[in-house]
Amino acid sequence: MTLFLLSIMVFLGGQVLPGNVGRAILGPLADIRAVDALNHSLGLDRPLLVQYWDWISSFVRGDMGTSYIFRAPVAPFVIDALGNSMKLALVAFVMVVPLGILGGIIAALNVNRPIDRIISLGGLSATVLPEFVTGIIFILIFGVWLHWLPIAATWPKNAGFFTQIYYLILPALPLFLVLFGYIARMARSGMIEALDSDYTRTAVLKGLPWRVVIWRHVLRNALLPTITVIATQTGYLIGGLVVVETLFRYQGIGSLIFTAARGKDFPILEAGILTIGIVYSVATLVADVLYSVLNPRIRLGAEQ
Amino acid sequence: MSAIGAKQPELPSSSTRGPVAEVLVSLSLSGSFLTGLVIVAFWVFCALFGEHFTPYDPLADDIINSLMPPSAEHWFGTDQLGRDVFSRVIVGSRDILTVAPLATLLATVAGTTLGLFTGYFRGLVDDIISRVLEAFMAIPVVIVALLAIVALGTSKSTVIIVIGLSFSPIIARTVRSAVLSERELDYVAAAQLRRESALHTMFVEILPNVVPPILVETTVRLGYAIFAVATLSFMGFGIQPPSPDWGLSISSNYGMIAGGFWWTVLFDALAIASLVVGVNLVADGVQGALND
């Protein structure tokens, strides 16, 4: 449903653009016949429904069209950019998921003590700050003043795995900050709820060691909602990527869409956004599956 | 209103005070709310009267003195056109504090209306609208904004409309769930028996009773609206030059930070950070006070 709506929005966004595409490419001084001819060769003078069907059906077949500006098929651009974005997102996730969960657990085990206040309030403030603001501050501190990390995420050609990660740490930090608050908050409330529950009390009264209670009884239940939150955050993450990739001049899907939007390169813009929609839907699906695998109540309920 | 709380702090019950005074008292006792309020009030003051006390004209070029580091004459230094950064940061609050609240207002009005209709009528209308809104909510605001702004062109009103409409489904969802429980109550049945029109029942009978959740959601959304407006300006899709807007200033100056000109972006970044944190502290306080 989201995908369908998105595809219609993307398509309409492409159609209602002011001034026509041929005019945008050829410039204001071009002859009107040249503009019409270009529009015709791009197929832009056909009825909307025909264009939509043509576009969506070839997209499904893997043909994303031809870029207006580069005069080349869109698919390689989108796939390259998507790969780069996934690297960046992965670095951010690898940092934030363990630390966010750990932060939430520490906060929950120390409810209302200073350390809990620090993690909760710090997480909350970090979450509400725009990525480019924290990004700028990190660039200044780690890139300009301390010279620890490179300020642009453009590594030398043929750079090794670790060099690439080294270049991606700084761009990943703003994403880390925004996600940390969400994940820590969910992990914290999940933990508090699980710690309060009857099964935890039973486990403690049975005389089980504290470590076993936490690992086997509390954590398993506490982290379920956190998984859902992590998956829903992919939607946010994509928005964040547009900003962060622009700030750090990183060739990801976000900056691809951004450049396409500025240059009115609609095939790239449309393909990029639809690809993001697909990634988001897949992430949501994976989260649902993972949730039911980890949660015996849902798994057993479905079998009956 | 806080004077009431100061004079009679020993009165615990609502017997002598209305619910509104009750909430105001609990707000005036919340430290984080007051901190947030002071920050927000400071920036609102700067937005309204800033131009009268800035040391320099925030838009005046002075090429000879461009990119000067902070000094006694230019507290925050000057940018590449020699404009005084301090003056620009003070006046830079104006556009964001116009656009973000208007966007939030639009989101609240549209969201409340949608929420009242879907919650009150239920049935097929509700199903269809709710599904569409859900699908809509899954799309990141930045993406919607990119599309809309490319299609409609860049202007303050586009930004207001885009952010307002993207946020309205979230408010609609909150209002809808509040209306769902309200519509089962006797006063709604009474209104229906009096043969009041559906519009009257929704807006005159139910609406006043769902104000608290709307208020909470609105203050929370305001924080996100500032986030979104700042981000869009930074991307070049929001407020346009020569406005001294913070996000815009950062976007035109961050290319030079490798050269060590940190003062051209740091103060704008801190200004955005303080405003966003301030609004969120206020939102947090309102949420705490109304949910008690």
Side-chain angles (χ1 to χ4, degrees), chain A residues 1-6 9-10 12-19 121 124-125 127-137 139-141 143-145 151-152 232 234-243 246-247 249 254 257-258 260-264 266 269-270 272-273 276-277 280-281 284, chain B residues 32 131-153 220 223-224 226-237 246-247 250-251 253-255 257-263 265-266 268-277 279-281 283-284:
Chain A
M1 177 66 192
T2 301
L3 269 182
F4 176 64
L5 189 78
L6 190 62
M9 268 182 52
V10 167
L12 285 182
Q15 289 301 329
V16 285
L17 98 148
L121 268 179
L124 187 69
S125 343
T127 300
V128 298
L129 291 176
E131 301 87 357
F132 76 96
V133 170
T134 50
I136 283 282
I137 293 172
I139 291 181
L140 284 175
I141 296 176
V144 178
W145 290 334
I151 60 169
T232 52
T234 47
Y236 146 73
L237 192 67
I238 291 157
L241 281 176
V242 179
V243 179
T246 312
L247 181 63
R249 308 213 162 83
I257 291 176
F258 175 70
R262 295 212 113 172
K264 307 219 158 150
F266 277 91
L269 184 64
E270 293 168 345
I273 292 180
I276 282 175
Y280 176 79
S281 311
T284 321
Chain B
S32 61
R131 285 298 93 69
V132 173
L133 291 185
E134 259 167 41
F136 197 70
M137 267 191 280
I139 307 170
V141 177
V142 177
I143 302 288
V144 180
L146 274 184
L147 268 177
I149 284 164
V150 169
L152 304 174
V220 172
Y224 284 101
I226 289 174
F227 186 121
V229 173
T231 301
L232 287 178
S233 300
F234 168 72
M235 310 281 299
F237 291 118
W246 301 327
I250 292 180
S251 104
N253 287 313
Y254 84 95
I257 49 178
F261 304 114
W262 52 271
W263 59 89
V265 290
L266 179 67
D268 290 293
L270 292 180
I272 297 177
S274 67
L275 179 61
V276 172
V277 169
V279 170
N280 277 281
L281 287 175
D284 213 38

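These figures come from a predicted structure and were not determined experimentally. To find a chain, count down the sequence lines: A is the first, B the second, and so on, and within it residues start at 1.
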Would you tabulate the side-chain donor-acceptor contacts of residues 142-153 of chain B under 3.5 Å, counting partners in other chains and residues two or more places apart, or write 'none'?
none

Q.
What's the separation between atom CG in Leu266(B) and atom CG in Leu140(A), rounded to the nearest 0.5 Å?
A. 5.5 Å
Q.
Working to the nearest 0.5 angstrom, can you tell me the gap between Ile137(A) CD1 and Leu270(B) CG?
A. 5.0 Å
Q) Which heavy atom of Phe132(A) sits nearest a heavy atom of Ile272(B), and at what distance? A) CZ-CD1, 3.6 Å
Q: Check Thr231(B), Ile226(B), Ile250(B) against Pro130(A) for a side chain to side chain contact (heavy atoms under 4.5 Å, CB included) and give me the one that passes.
A: Thr231(B)
**Q.** Part of Leu129(A) lying under 4.5 Å from any heavy atom of chain B
**A.** both
(Q) Do Val133(A) and Trp246(B) make a side-chain contact, defined as non-hydrogen atoms from C-beta onward lying under 4.5 Å apart? (A) no
(Q) For Phe234(B) and Glu131(A): C-alpha separation, side-chain torsions, deciding distance, then whether side chain to side chain contact (heavy atoms under 4.5 Å, CB included) applies. (A) CA-CA 11 Å; Phe234(B) 168 72; Glu131(A) 301 87 357; over 6 Å; no
